[in-house]
Each structure stands twice: as structure tokens, then as C-alpha cells.
Protein chains: 2
Amino acid sequence: MLISELSKRTGVSIPTLRYYENYGLFKGVSDEKTKTNNYKDYDESIVEKIEMIKGAKEAGFTLSEIKKLIDSWFNKRLSKEKKITVVNSKINEIDNKICQLYKVKKLLSECIVDIEKGYC
Amino acid sequence: MLISELSKRTGVSIPTLRYYENYGLFKGVSDEKTKTNNYKDYDESIVEKIEMIKGAKEAGFTLSEIKKLIDSWFNKRLSKEKKITVVNSKINEIDNKICQLYKVKKLLSECIVDIEKGYC
DNA sequence: ATGAAGTATAAACCATGCTTTATACTTGTT
DNA sequence: AACAAGTATAAAGCATGGTTTATACTTCAT
């Protein structure tokens, strides 16, 4: 598919998609031999990749972190063990974030009690 | 306490503290009458406030969001009910973020299975 | 009383993650 | 054939959340 469809499918704006592609998060292919233009083609796997990027971003990861994750993920030279190590360390980070969020939630819940008591 | 101690107590750099103060997240007092300087004094409640800011930031809230929360929190003119509404809506946002993090975690766990099977 | 260290303020600078603008080529419709 | 709409690239612009720099005053130890 072309970039406009990719944008529709993922809900990510065209400039942002180009920014991501330029950043190295994914790569469309432009078939230089058979086509007169250099329009790029994006396949289904890229839709999935972008959904993953969106999720990771909402979870608070930076593009640089996401890129590292994707790079190790699709790097054929990396051993299974090393890939798993990278992904597991991200899972740990997510656990920490979840833990942090529960702490803030607790703080805010206490805050509500204080408000009800008229302390603030 | 003075700003350098506040920095030590909270682990937040002095320029960042000044940035936050300037942003309106808290306010030190400089006693114009009794002191020859204009050094500001920060009390214990400000340490707590900054811990809260740190937590909220790690949880992914922007300074602008945090400011709104603090403003409503300490705004005497706001009714109990309105304060509680503001804080509850933040709690909802936190729940959503937690949910999102679990989704990404699930994605990464599936990814590990794929790596083990040699799919990527 | 002098120099090092702490404080304050303002302004410039910087990285991240985009968005906007400008330019140029391609395609598709009429 | 011509014009709107889509694609590509590069560069500039922008908001957020700081850090760095420059300048000046205050305090503290000697």
C-alpha cells in the first residue's frame, strides 16, 4: 500500500510516518526497476510494526528506545538469547512503570480523602 | 531550607527546581523584611510536593497537567466536589495508562514466544 | 577584607518529536 | 492537454522540558 493508505490504516499522519521511516523505525520499498516513480510500498507487517510503535509510545517509551527494540528484534545476527534479554529488560521497565503508576494512584486516592476531610 | 538543600533532599537539580518554580509548580518565600538578601526558603511541604511531581512525571504526566492538578488541589475557591472531580479524572487516566502498559507487555511476551520459535 | 561558594535572574541554547513549508515530480481525471 | 491530487525530499519552524551561560549580589571561612 502507499503512504496515504498506511496513514488511514494506522491513524498516524503522513508527515509523522515519514518522520518515523526517516528515523529508521521501518522501511517502505520503492521498486526502482518496474516503476517510473519512486513511490514506496508498505506491506501488512509495517501496519503491525506501527501499531506496536503506537502502543510503546503511549506506554511512555521514546523513539530511540523503540528503535533499539525493533533493531534487536529484526536483527538476524543477534542470537535468540540476546534478543530475549533485550525484550525481557523492556518488560521489566514496563513493570516498573506500572508500579510507579500505582504509587501515584495511591497518592491521588489519599488526596481525595484529604479533600473530603477539608485538609486542602 | 535553601535551594541547594532542597535539591539534595529531592534529587532534582537546582536549575530544574528553578524552572519548576518559575513554571508555577511551587513557590519559595523570600522574607523581604528580616533578610538582607532575597534567598528563598522552601519548607517540608515543598519537598513533598516535588516528590509528587517526580512521581507524576515518571507516570507520564506533563508539567502542564501536573500544574492543573496542583492548582485545583490548593485552590481554596474550588468546591470539594470540583477538586474531587479533577483528581478522579486523573485517576482514570492512570488506569488507562496501566491498561495500555499491560497491552504492550502482552505484545512483548508474545514476541518472546516468537523469538523462541525462531519466527523473527 | 578577600576570595570561594551559594543564590538569583534573564537569556541563550539544546534534544525530542513532531508539523509546516517549499519545491518538484507522478498520476489520474476530464 | 491540463489541472487537481498524491508522492518525495529537504529544510525550517515549533512546543516541551529542561541545561548552560552570563551577570551580579550575598555569605562564609580564613
Side-chain angles (χ1 to χ4, degrees), chain A residues 1-43 46-47 49-71 93 100, chain B residues 1-43 46-47 49-71 93 100:
Chain A
M1 73 191 80
L2 295 180
I3 197 158
S4 63
E5 195 185 340
L6 184 63
S7 174
K8 273 170 205 150
R9 288 281 301 276
T10 59
V12 176
S13 77
I14 292 176
T16 300
L17 288 174
R18 299 215 232 252
Y19 177 79
Y20 286 171
E21 179 163 8
N22 204 263
Y23 194 97
L25 298 184
F26 57 84
K27 195 83 190 133
V29 290
S30 60
D31 191 338
E32 317 250 332
K33 289 176 188 168
T34 61
K35 286 190 292 190
T36 70
N37 60 28
N38 59 340
Y39 291 9
K40 287 181 188 139
D41 183 73
Y42 304 92
D43 63 23
I46 291 182
V47 175
K49 233 174 178 175
I50 290 166
E51 292 302 333
M52 200 261 281
I53 292 166
K54 282 170 64 182
K57 268 186 53 58
E58 280 182 59
F61 292 104
T62 65
L63 292 189
S64 153
E65 290 172 316
I66 294 168
K67 182 166 160 47
K68 276 180 207 150
L69 195 56
I70 289 176
D71 284 350
E93 285 178 42
Q100 186 62 38
Chain B
M1 74 192 80
L2 295 181
I3 198 160
S4 62
E5 195 185 339
L6 184 63
S7 174
K8 274 169 203 150
R9 289 281 301 277
T10 59
V12 176
S13 77
I14 292 177
T16 300
L17 288 174
R18 298 215 231 254
Y19 178 79
Y20 287 172
E21 180 164 7
N22 204 263
Y23 195 97
L25 297 184
F26 57 85
K27 194 82 189 135
V29 289
S30 60
D31 191 337
E32 316 249 334
K33 291 175 187 169
T34 61
K35 285 189 293 188
T36 69
N37 58 30
N38 61 339
Y39 290 10
K40 288 181 187 137
D41 183 71
Y42 305 91
D43 65 21
I46 291 183
V47 175
K49 231 173 180 176
I50 290 166
E51 291 302 332
M52 200 260 280
I53 293 166
K54 282 169 64 181
K57 268 186 55 58
E58 280 182 58
F61 291 104
T62 65
L63 292 188
S64 153
E65 290 173 316
I66 294 167
K67 181 165 162 47
K68 275 180 208 152
L69 195 57
I70 289 176
D71 285 349
E93 285 179 41
Q100 185 64 37

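Lettering follows sequence order; numbering is per chain, from 1.
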Residues in salt bridge (charged side-chain N to carboxylate O under 4.0 Å, His left out) with [X], at least two apart?
X      : result
D41(B) : none
E51(B) : K54(B)
D71(A) : K67(A)
K57(A) : none

Residues within residues 52-62 of chain B bordering DNA chain C, heavy-atom distance below 4.0 Å
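Here the set is empty: none.
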
For a side chain to side chain contact (heavy atoms under 4.5 Å, CB included) check, start with the C-alpha distance between Y19(B) and L63(B), then their side-chain angles and the critical distance, and finish with the verdict.
CA-CA 11 Å; Y19(B) 178 79; L63(B) 292 188; 3.6 Å; yes

Euclidean distance, atom CG of residue D41(B) to atom P of dT26(D) [Å, nearest integer]
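The answer, rounded to whole Å, is 18 Å.
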
Can you check the Y23(B) OH to dT19(D) P distance for me, whole Å?
15 Å

Could you list the residues that satisfy side-chain contact (heavy atoms from CB on, under 4.5 Å) with S4(A), not counting sequence neighbours?
I14(A)

Taking only residues two or more places apart in sequence, or in another chain, which ones meet S64(A) in a side-chain contact (heavy atoms from CB on, under 4.5 Å)?
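S64(A) satisfies side-chain contact (heavy atoms from CB on, under 4.5 Å) with Y23(A), T62(A), K68(A) only.
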
Looking at I46(A), D43(A), V47(A), which hits side chain to side chain contact (heavy atoms under 4.5 Å, CB included) with M1(A)?
V47(A)

Polar atom pairs between nucleotides 27-30 of chain D and protein, under 3.5 Å, N or O only, would you list them?
residue, atom, partner, partner atom, Å
dT27(D), OP1, T36(B), OG1, 3.0
dT27(D), OP1, N37(B), ND2, 2.9
dT27(D), OP2, T36(B), OG1, 3.0

Go through Y42(B) and L17(B) one step at a time and tell me if the side chain to side chain contact (heavy atoms under 4.5 Å, CB included) criterion holds.
CA-CA 11 Å; Y42(B) 305 91; L17(B) 288 174; over 6 Å; no

First-last contacting nucleotides on DNA chain C - partner chain A, under 4.0 angstrom, heavy atom
dG17(C) to dT27(C)

Apply side chain to side chain contact (heavy atoms under 4.5 Å, CB included) to Y20(A) and I53(A), showing your working.
CA-CA 10 Å; Y20(A) 286 171; I53(A) 292 166; 4.1 Å; yes

Write out all pairs satisfying salt bridge (Lys or Arg N to Asp or Glu O under 4.0 Å) with one or both partners inside residues 3-23 of chain A, taking only residues at least two apart or from two chains.
R9(A)-E44(A), E21(A)-K40(A)

Contact check, residues 13-21 of chain A vs DNA chain D, heavy-atom distance under 4.0 Å, returns R18(A)

Set of side chain to side chain donor-acceptor pair (under 3.5 Å) partners for N37(A), sequence neighbours left out
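Result, side chain to side chain donor-acceptor pair (under 3.5 Å) vs N37(A): none returned.
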
I'd like to know if the side chain of T10(A) reaches the main chain of L6(A), judged simply by a donor and an acceptor atom lying under 3.5 Å from each other, with no hydrogens or angles considered.
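Yes, the answer is positive, given that a donor and an acceptor are paired below the 3.5 Å cut-off.
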
